[in-house]
Amino acid sequence: AACVDLTDILAGMRRGVAFTGAGISTECGIPDFRSPGGLWTRNRPIDFEAFLTSREMRNEAWRRRFAMEVAFGGATPGRGHRALARLLEEGRLAGIVTQNIDGLHQASGVPDDRLVELHGNSTYATCLDCGERYELGWVRERFEARAQTAPDCLDCGGPIKTATVSFGQPMPGEAMTRAGELTAACDVFLAIGSSLVVWPAAGFPVQAKRNGARLVIINREPTEFDDMADLVIHADIGDVFEAATTS
Ligand code: OAD
Ligand code: ZN
């Protein structure tokens, strides 16, 4: 019955926003953060301060990133990504706001001007001091050539980090602004595959609801905001979209 409701909501949606978390990418083989086996159940996150102040932490961060690349570098978009790309193409979604850093929304064909990456992107790196961009392959070569030591910026000597937002690192201002604008203007807000515990990102569903949008939460587990939602579906994201968009 839940899927019938979702089908109706999607059919009436005119300027929706999809807000995605790691749960949309688990069927692509990429683990989420907080489920059993999730990244933060295996490794403590390296916060921004530790990255900046410790060469050993920078080395460790890059070791983890390259291990991810070996394990999940070839991941391709799943059913959730593809369904959202289609809804965007049909003009039902105004945009996608993602907490994910895996690049799979882009890979599903979503153009940059319709995608907001709140936590950045792990598929390339930048110098934290001057902003120079570095490709992962370049970083990896240097890293391996110097006994797994993280390289510094060629231009200014600053630390090179994946273009992601770590705990303690300022949120990207433009992404926050664009996400706020999309959220303020949406008629339906779809929160998909996120535990909704990380702020400020988790504030967007609340803001959407306050602005009068319908709030839909699709997640395997309950979230703190389920009570506030107009529709809650505790099921597998790929299954939900397959059922809702083919019926
Ligand atoms: P979490 O790991 O906190 O939550 C993912 C949610 O998706 C969990 O509640 C799972 O139950 C659910 N889930 C997993 N696979 C699913 C599936 N196939 N179908 C339905 N539900 C599924 O991940 P996020 O909420 O994305 O930030 O985490 C938020 C932020 O915390 C991340 O962006 C990351 C992390 O620290 C940074 O790295 C800055
Ligand atoms: Zn630099």
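Remember, predicted model here, so these are calculated numbers, not experimental data. Whatever order the structure lists them in is the order used to number ligands and atoms, beginning at 1. Positions are given from 1, in the same order as the sequence printed here.
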Given salt bridge (Lys or Arg N to Asp or Glu O under 4.0 Å), test R86 with E90 step by step and report yes or no.
CA-CA 6 Å; R86 206 173 315 125; E90 292 170 1; 5.6 Å; no
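Put simply, the angle at the Zn ion (ligand 2) from SG in C156 to SG in C127 is close to 100°, to the nearest 10°.
Close N/O approach between S194 and ligand 1 is found [any backbone or side-chain N/O within under 3.5 Å]. In terms of N/O distances under 3.5 Å, ligand 1 is approached by F33.
Of all protein heavy atoms, the one closest to atom 21 (N) of ligand 1 is R220 N, 3.0 Å. In this structure, atom 38 (O) of ligand 1 lies nearest to the protein heavy atom V165 O, 4.1 Å. Nearest to atom 11 (O) of ligand 1 among the protein's heavy atoms is E221 OE1, 3.1 Å.
For the residues P36, A22, P222, G23, the heavy atom positioned nearest atom 24 (P) of ligand 1 is part of A22.
A tilted orientation is assigned to the rings of F19 and F204, their planes being inclined by 30° to 60°.
Of the heavy atoms in A201, none comes closer than 4.0 Å to ligand 1. Residue H119 touches ligand 1 through its side chain alone, judged by heavy-atom distances below 4.0 Å. Under 4.0 Å from ligand 1, heavy atoms of I237 appear from its side chain as well as its backbone. Both the backbone and the side chain of D236 come within 4.0 Å of ligand 1, counting heavy atoms alone.
Heavy-atom separations between A235 and ligand 1 include at least one value shorter than 4.0 Å.
The existence of a salt bridge linking E60 and R63 is confirmed by a sub-4.0 Å separation between a basic side-chain nitrogen and an acidic carboxylate oxygen. Salt-bridge formation is not detected for the pair E144/R142: no Lys NZ or Arg NE/NH1/NH2 atom is positioned less than 4.0 Å from an Asp or Glu carboxylate oxygen. For the pair D187 and R92, the salt-bridge criterion is not met [side-chain N within less than 4.0 Å of a carboxylate O]. Using a cutoff of 4.0 Å between basic side-chain nitrogens and carboxylate oxygens, D239 and R220 are not scored as salt-bridged.
Of the residues listed (D226, D227, D230), the one engaging K209 in a salt bridge (charged side-chain N to carboxylate O under 4.0 Å, His left out) is D230, and it is the only one.
Short contacts between ligand 1 and G193, defined as distances under 4.0 Å to a heavy atom of the residue, involve ligand atoms 5 (C), 6 (C), 7 (O).
In the hydrophobic clustering of this structure, F225 groups with L118; members are Ile, Leu, Val, Met, Phe, Trp, Tyr whose side-chain heavy atoms approach within less than 4.5 Å, directly or through other members.
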